[in-house]
Amino acid sequence: MSRANLARRVTARQGELLGLLARGHTLSAAAAALELSERRAADDLAWACRRLRVRDGAEAVAIWVGGSLTAPV
């Protein structure tokens, strides 16, 4: 899935959050950078997971950066 298609599936704030997490920020550090409570950031991450149809934040970040979710054979 292309970046443009992904960006249409999540909100701007969810995209910013995924970008920060992809750069190695913790959820609390990403929340602080976005001036959100940690609870709000966790809710945004959970909604992004639903919108991207993945099980957890790690999968959402992997998709966001274009990483493979399966190990090479």
Restricting to non-hydrogen atoms, name the atom on [X] and the atom on [Y] that form the minimum distance, rounded to 0.1 Å.
X	Y	result
Ile63	Val54	CD1-CG1, 3.2 Å
Ala48	Leu18	CB-CD1, 4.3 Å
Ala41	Leu17	O-CD2, 3.3 Å
Glu59	Asp56	N-OD1, 2.9 Å
Glu16	Leu34	OE1-CD2, 3.5 Å
Ala60	Leu52	CB-CD1, 4.0 Å

Within a strict 4.5 Å, meaning less than it, do heavy atoms of the Trp64 and Val10 side chains meet?
yes
